[in-house]
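Each chain gets a letter, A, B and so on, in the order the sequences are listed, and its residues count up from 1.
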Number of protein chains: 2
Amino acid sequence: MAPLTPGSAPIPRLRRSTLGDDVYETITALIMQHTLAPGDRINIDALARQLEVSATPVREALARLESDGLVRKRALAGYTVSPLLTREEFMDMFDMRLVLEGAAARWASSRAEEATRDRIVGEAASTAALRDDADGWQAHAAFTKLDAQFHDLIAAAAGNPLLRDGIARLHSHLHIHRLYFPFAQTETTGEEHQRIAAAIRAGNPEAAETAMRDHLTAARERHLAAFG
Amino acid sequence: MAPLTPGSAPIPRLRRSTLGDDVYETITALIMQHTLAPGDRINIDALARQLEVSATPVREALARLESDGLVRKRALAGYTVSPLLTREEFMDMFDMRLVLEGAAARWASSRAEEATRDRIVGEAASTAALRDDADGWQAHAAFTKLDAQFHDLIAAAAGNPLLRDGIARLHSHLHIHRLYFPFAQTETTGEEHQRIAAAIRAGNPEAAETAMRDHLTAARERHLAAFG
DNA sequence: CTATGAAATATCCTATAGGATAAACAAGAC
DNA sequence: GTCTTGTTTATCCTATAGGATATTTCATAG
């Protein structure tokens with residue numbers, strides 16, 4: 001057998017993930033796109049038919065989604081999509097973000113590779129380049145995507161998988177909330193992102209954590225308008 | 001129908017939790033007691049027979065356990081109990097504990113009810129009262145239980161469910177590790193717990209966070225001996 | 001017209017059977 | 001002696017059927 005040369009194309013697996021994983025991803029996307037809206041009941045059999053699979057992988061996916069907090073289960077009454085966060089839960093989530101993402105910014109400043117820092121700076125620049133004047137819906141979608149990428153990039157750069165998972169877990173809830181209260185305000189966000197990126201680039205942990213905490217505090221204020 | 005008087009006995013539900021939840025708890029316990037040891041393959045059908053249930057609830061439980069990180073799944077190759085933490089993963093876990101439990105101690109200091117603070121002080125006293133001279137196995141079990149209770153009490157006292165869940169998630173991994181490297185050293189731990197409890201009791205967030213971080217740093221050093 | 005109670009329905013939850021795939025093992029070639 | 005190849009086995013994964021429960025609907029009394 002010919003030796004594998006470096007850079008050769010990776011072997012394409014016919015199905016690297018199991019069916020349950022695919023269903024999990026699909027349902028997550030359905031919730032994220034609010035095709036399944038908060039409070040909706042989830043009919044397992046109907047959902048299985050729509051996805052053209054059996055009920056078993058749907059059950060597995062829902063079990064995982066429950067531990068993510070995206071769906072709730074009541075005994076003998078079925079699953080429902082988790083309701084929107086209350087004001088109190090929303091505050092709790094941001095308290096967690098302050099702790100976790102503050103640490104992520106700090107660690108990324110001292111541990112990240114040079115190339116990673118450059119990517120973070122580039123991502124922040126992309127966010128800042130977004131124009132607020134574009135038509136609302138599409139602009140909001142683009143902003144949301146870039147924002148999520150930026151924060152995940154920093155979470156990954158911190159070099160702690162547990163931290164990254166914890167942050168991702170919180171962001172899914174934030175995402176759902178955002179769909180219902182789309183207030184973009186991309187300009188100030190872009191500036192804040194650039195400040196964070198600069199501190200990470202410079203390898204200044206204290207400044208990076210402070211910039212991240214300031215950003216999140218400001219973002220919380222912006223979002224709080226949704227609660228009246 | 002007679003009106004319910006306040007304080008009347010709550011209606012006993014025949015089965016408040018679903019079968020899948022029971023199985024989840026059971027398997028978690030099996031892993032915690034190392035009846036299912038790290039690296040062991042998990043045969044779904046055999047496990048279902050042993051537990052006298054069908055395979056479906058076992059599948060649901062395993063799906064949840066996978067997102068907890070206690071088991072791994074390989075496509076078409078089944079589940080295995082997650083291997084013991086590597087040294088690097090162990091360090092990552094303690095970095096997370098420092099961040100999360102540090103915040104928990106801080107918040108508990110400023111938010112917890114009076115009665116809760118008293119319980120924390122009492123729990124710390126119980127830990128300190130443990131004698132190291134008892135026979136190893138039983139003493140270790142008692143210590144582990146008290147330690148877990150103490151940390152969970154503080155996590156709960158912080159008043160943020162997300163934080164409490166995150167901490168509990170980390171502790172399950174710590175627990176598995178401990179079973180394989182039982183070095184109790186209850187005395188110094190008891191003192192450290194009492195210092196944390198005193199700061200929370202006094203409502204001093206900075207002191208509480210510092211005491212918690214010192215405790216975790218010392219605990220990490222004690223555990224690191226296991227890695228040679 | 002509203003509230004209560006019972007029957008009907010829809011749905012969940014569990015159990016079992018069958019097809020498909022990866023891992024394990026043995027035999028043979030170089 | 002080592003590597004490859006074919007066969008066997010065990011296990012997973014999916015699909016379907018039946019019992020149990022919550023929800024809904026409808027009739028009836030106040």
Which pairs, protein N/O on one side and nucleotides 8-12 of chain C N/O on the other, fall under 3.5 Å?
unit_1: C/dT11; atom_1: OP1; unit_2: A/N43; atom_2: ND2; d: 3.4
unit_1: C/dT11; atom_1: O5'; unit_2: A/N43; atom_2: ND2; d: 3.3
unit_1: C/dC12; atom_1: OP1; unit_2: A/I42; atom_2: O; d: 2.9
unit_1: C/dC12; atom_1: OP1; unit_2: A/I44; atom_2: N; d: 3.1
unit_1: C/dC12; atom_1: OP2; unit_2: A/N43; atom_2: OD1; d: 3.1

* Asked: What is the distance from CG of B/L62 to P of D/dC13, rounded to the nearest Å?
  ->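 That distance rounds to 10 Å.
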
* For the pair B/R164 (side chain) and B/A157 (backbone), establish whether a donor and an acceptor sit closer than 3.5 Å, ignoring hydrogens and angles. =>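 Side chain of B/R164 to backbone of B/A157: no pair is present.
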
* Asked: Is it true that the NZ or CZ of A/R87 lies under 6.0 Å from the centre of A/F90's six-membered ring and within 45 degrees of the ring axis?
  -> no

* **Audit row: B/R222, B/D147, salt bridge (charged side-chain N to carboxylate O under 4.0 Å, His left out) steps and yes/no** => CA-CA 15 Å; B/R222 289 194 286 269; B/D147 183 65; over 6 Å; no

* **Considering all heavy atoms, the nearest B/D92-A/P161 contact** =>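 Taking B/D92 first and A/P161 second, the nearest heavy atoms are OD2-CD, 3.5 Å.
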
* Asked: Which atom names give the shortest non-hydrogen contact between B/R64 and A/A63, and what distance separates them?
  -> CG-O, 3.4 Å

* Quick one, which residues of residues 49-56 of chain B touch DNA chain C with a heavy atom under 4.0 Å? -> B/V53, B/S54, B/T56

* To do: Determine whether A/Y24 and A/D68 make a side-chain contact, defined as any pair of heavy atoms from C-beta on separated by less than 4.5 Å.
  =>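 They are in contact (side-chain heavy atoms under 4.5 Å apart), so the answer is yes.
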
* To do: Could you please spell out the steps behind the side chain to side chain donor-acceptor pair (under 3.5 Å) verdict for A/E89 and A/H177?
  => CA-CA 11 Å; A/E89 290 168 339; A/H177 181 84; over 6 Å; no

Please output the side-chain donor-acceptor pairs of residues 43-53 of chain A that fall under 3.5 Å, not counting sequence neighbours, one pair per line with the distance.
unit_1: A/N43; atom_1: OD1; unit_2: A/D45; atom_2: N; d: 3.0
unit_1: A/N43; atom_1: OD1; unit_2: A/A46; atom_2: N; d: 3.1

